[in-house]
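In what follows, a structure is listed as C-alpha cells, so that the remarks can point back to it.
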Amino acid sequence: MDAVIDSVERHKTKLVIVAKDASDKSTKNIKYVCTNNGIVVIQLSTIEELSHFIGKRNKAIIGITDENFSKRYT
C-alpha cells in the first residue's frame with residue numbers, strides 16, 4: 001500500500017482499485033489519501049482475483065498509472 005500512496009502523492013496514479021475484501025483500515029487510509037489528491041477509488045473484485053489479474057500475490061490495492069485505462073472509470 002505504501003507504494004500506491006507514494007505514487008498518489010506524486011500525482012502519478014490516475015485511479016486506485018481496492019479489493020472488496022481489503023481490510024477496513026487499509027480501505028479507509030487509501031480513500032483518505034486519494035480524496036485529498038483528487039484520485040478516484042473504486043472497489044472491485046477480491047484480493048485473490050486482483051492479485052491474479054496483475055500476476056502478483058496478496059495485492060488488495062492497485063494503483064493505475066495509465067491515463068487511458070483510468071478514463072474508463074473516472
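Computed from a predicted structure; not experimentally measured.
Proximity of I39 to H11: side-chain heavy atoms (C-beta onward) are nowhere separated by under 4.5 Å. Between V16 and I64 there is no side-chain heavy-atom pair separated by less than 4.5 Å. Side-chain contact between N37 and T13 is absent, with no heavy atoms from C-beta onward closer than 4.5 Å. Counting heavy atoms from C-beta outward, I54 and K59 have side chains that approach closer than 4.5 Å. Under the 4.5 Å side-chain criterion, counting only non-hydrogen atoms from C-beta, I42 is not in contact with V18. A 4.5 Å side-chain heavy-atom check between E48 and R57 finds every atom pair outside the cut-off. Contact check for E9 versus V33: side-chain heavy atoms found under the 4.5 Å cut-off. Inter-residue side-chain proximity for V41 and K31 is flagged as met; some heavy-atom pair is nearer than 4.5 Å.
I62 and V40 fall within a single hydrophobic cluster, where Ile, Leu, Val, Met, Phe, Trp and Tyr side chains are chained together by heavy-atom contacts under 4.5 Å. The hydrophobic cluster containing F53 does not contain I47, counting ILVMFWY residues as joined when their side-chain heavy atoms lie under 4.5 angstrom apart, directly or transitively.
A salt bridge links R10 with D6: at least one charged nitrogen is closer than 4.0 Å to a carboxylate oxygen.
Within the model, atoms NZ of K12 and OG of S7 stand 7.5 Å from one another, a figure rounded to the nearest 0.5 Å. Distance CD1/I61 to CD/Q43: 9.5 Å, rounded to 0.5 Å.
The heavy-atom pair separating A60 from L50 by the smallest distance is O-CD1, 4.0 Å.
A donor-acceptor pair under 3.5 Å is formed between the side chain of S70 and the backbone N or O of E67.
Heavy-atom contacts from other residues, nucleotides or ligands closer than 6.0 Å to CG of D24 number 12 or fewer.
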